[in-house]
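Computed from a prediction, not measured in an experiment: that's the story for all the values here. So that the names make sense, note that chain A is the first sequence line, chain B the second, and so on, each numbered from 1.
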There are 2 protein chains.
Amino acid sequence: MKISTKGRYGLTIMIELAKKHGEGPTSLKTIAQANELSEHYLEQLIAPLRNAGLVRSIRGAYGGYILSDIPSKITAGDVIRVLEGPITPVEGIEDEEPAKRELWIRIRDAIKDVLDNTTLEDLASHSEDQEPEEGYMFYI
Amino acid sequence: MKISTKGRYGLTIMIELAKKHGEGPTSLKTIAQANELSEHYLEQLIAPLRNAGLVRSIRGAYGGYILSDIPSKITAGDVIRVLEGPITPVEGIEDEEPAKRELWIRIRDAIKDVLDNTTLEDLASHSEDQEPEEGYMFYI
DNA sequence: GAAAATCCTCAGTAAATTAATAGGCATTAA
DNA sequence: TTAATGCCTATTAATTTACTGAGGATTTTC
């Protein structure tokens with residue numbers, strides 16, 4: 001019943017790229033450092049995102065990645081499906097008996113509804129208005 | 001992003017007990033055979049359900065299990081929480097940054113909404129009207 | 001042309017989880 | 001007394017997760 005680090009870190013990558021959309025490529029090193037994640041692990045997560053056409057890579061020095069489309073056209077569902085597989089609470093819904101099948105379908109549709117209606121634009125803009133840290137003071 | 005066999009078989013057990021509610025105890029052997037599952041595996045799943053107070057056991061010959069409450073008072077959420085742990089799409093939602101935290105919370109609430117509003121009565125009654133098997137003919 | 005910064009690929013691995021199986025003891029109805 | 005059940009602890013094969021390691025390919029800048 002969990003989304004693994006694949007989907008979670010994958011979303012983190014995509015949100016970072018959305019924040020920098022239109023400003024040229026962002027390197028994985030930058031994203032890894034900003035989020036305290038293993039750059040090498042992120043490389044393995046972005047490969048399927050590139051294969052799926054969600055990001056484009058620019059190789060060589062000062063290269064990196066950019067979104068293939070504008071942030072309002074890419075959803076959390078697009079990202080999660082690539083990294084976690086089809087959105088479904090169980091394998092083989094169709095094999096279940098009617099009562100349980102309907103339950104799994106209702107859960108699946110509820111999750112889909114959230115993921116497919118949340119865009120990278122939504123996620124990136126909410127990331128902007130950071131909550132103050134504990135102990136934060138407003139210095140004039 | 002999956003509910004494992006623990007939660008799925010656990011629900012299967014509870015639906016069978018709901019169907020027999022008021023008719024005395026049902027043995028795991030009966031449930032295992034009816035659903036082509038390992039009786040021994042089901043024993044391990046019903047132990048936490050008993051510890052959580054969702055079912056009561058009757059030991060000895062012609063014993064078995066009964067629901068602790070009426071089917072309309074026990075939800076799929078009760079069963080899933082016992083066997084799969086808290087309903088949440090990620091561990092430590094509160095540690096995530098605001099944008100992702102809100103996403104996980106919306107997903108969590110959507111799943112909760114379905115699971116907590118589906119009772120064993122709902123599931124047992126929908127199991128009654130079986131779909132015809134493939135090759136089924138209506139013999140008069 | 002050399003060096004540095006990046007992407008790209010394949011392989012390995014420790015820990016955890018899943019989905020059981022094995023073997024037996026305890027209790028109770030008939 | 002026996003058969004039918006529940007109860008309990010341990011073991012295990014397969015899979016998944018979350019990485020780490022090693023190095024090659026490409027491109028920019030000096």
> Can you check the B/R8 CZ to C/dA20 C1' distance for me, whole Å?
Replying inline: 14 Å
>> Closest approach to the side chain of B/A61, judged atom by atom: which nucleotide of D/dT20, C/dT28, C/dT21 is it?
In response: C/dT28
> Phosphate oxygens OP1/OP2 of D/dC7: is one of them under 4.0 Å from a side-chain N or O of B/S57?
Replying inline: yes
> Does OP1 or OP2 of C/dA19 have a side-chain N or O of B/S38 closer than 4.0 Å?
Replying inline: no
> B/K6 has a side chain; which of D/dT27, C/dT28, C/dT18 sits nearest to it?
Replying inline: C/dT18
> For the pair made of CD in A/E91 and P in C/dA19, what is the distance, rounded to whole Å?
Replying inline: 10 Å
> Which heavy atom of B/I66 sits nearest a heavy atom of B/L17, and at what distance?
Replying inline: C-CD1, 4.5 Å
> Any chain of hydrophobic side-chain contacts (each under 4.5 Å) joining A/I58 to A/Y65?
Replying inline: no
>> Rounded to whole Å, please give me the gap between OH in A/Y41 and C1' in D/dT17.
In response: 6 Å
>> Checking contacts here: which listed nucleotide (D/dA18, D/dT28, D/dT20) is nearest the side-chain heavy atoms of A/T5?
In response: D/dA18
>> Applying a 4.0 Å non-hydrogen cut-off, can you work out what A/R50 is touching in the nucleic acid: base, sugar-phosphate, or nothing?
In response: sugar-phosphate
> Do NZ/NE/NH1/NH2 and the carboxylate oxygens of A/R81 and A/D116 come within less than 4.0 Å?
Replying inline: yes
> Rounding to a whole Å, what distance do you find between B/I58:CD1 and D/dA4:P?
Replying inline: 19 Å
>> Please compare A/Y9 and A/Y62 by the position of their nearest nucleotide in DNA chain D and report the one closer to 5'.
In response: A/Y9
> Separation of A/L42 atom CG from C/dC8 atom P, in whole Å?
Replying inline: 14 Å
>> Any side-chain N or O of A/S4 below 4.0 angstrom from OP1/OP2 of D/dA18?
In response: yes
> C/dC7, C/dA22, D/dG6: which one has an atom nearest the side-chain heavy atoms of B/E43?
Replying inline: D/dG6
> Given D/dG6, C/dC7, C/dA20, which nucleotide is nearest the side-chain atoms of B/E39?
Replying inline: D/dG6
> For the residue pair A/S68 and A/G53, what are the closest heavy atoms and their distance?
Replying inline: OG-O, 2.9 Å
>> Can you measure B/L37 atom CG to C/dA20 atom P for me and round it to whole angstrom units?
In response: 8 Å
> Rounded to the nearest 0.5 Å, what separation is found between the CG atom of A/L123 and the CD1 atom of A/I74?
Replying inline: 11.5 Å
> Can you check the A/Q33 CD to C/dT6 P distance for me, whole Å?
Replying inline: 10 Å
>> Using every non-hydrogen atom in the two residues, find where B/E91 and A/K2 come nearest and quote the distance to one decimal.
In response: OE2-CE, 3.1 Å
> For B/I46, which contact category applies under a 4.0 Å heavy-atom criterion: base, sugar-phosphate, or nothing?
Replying inline: nothing
> Just how far, in rounded Å, is P of C/dT21 from CG of B/L45?
Replying inline: 12 Å
>> Which nucleotide wins on minimum distance to the side chain of A/R59, given the candidates C/dA30, C/dT28, D/dT26?
In response: D/dT26
>> If you go through the side-chain atoms of B/H40, does one of them form a donor-acceptor pair with the base of C/dA20 closer than 3.5 Å?
In response: no
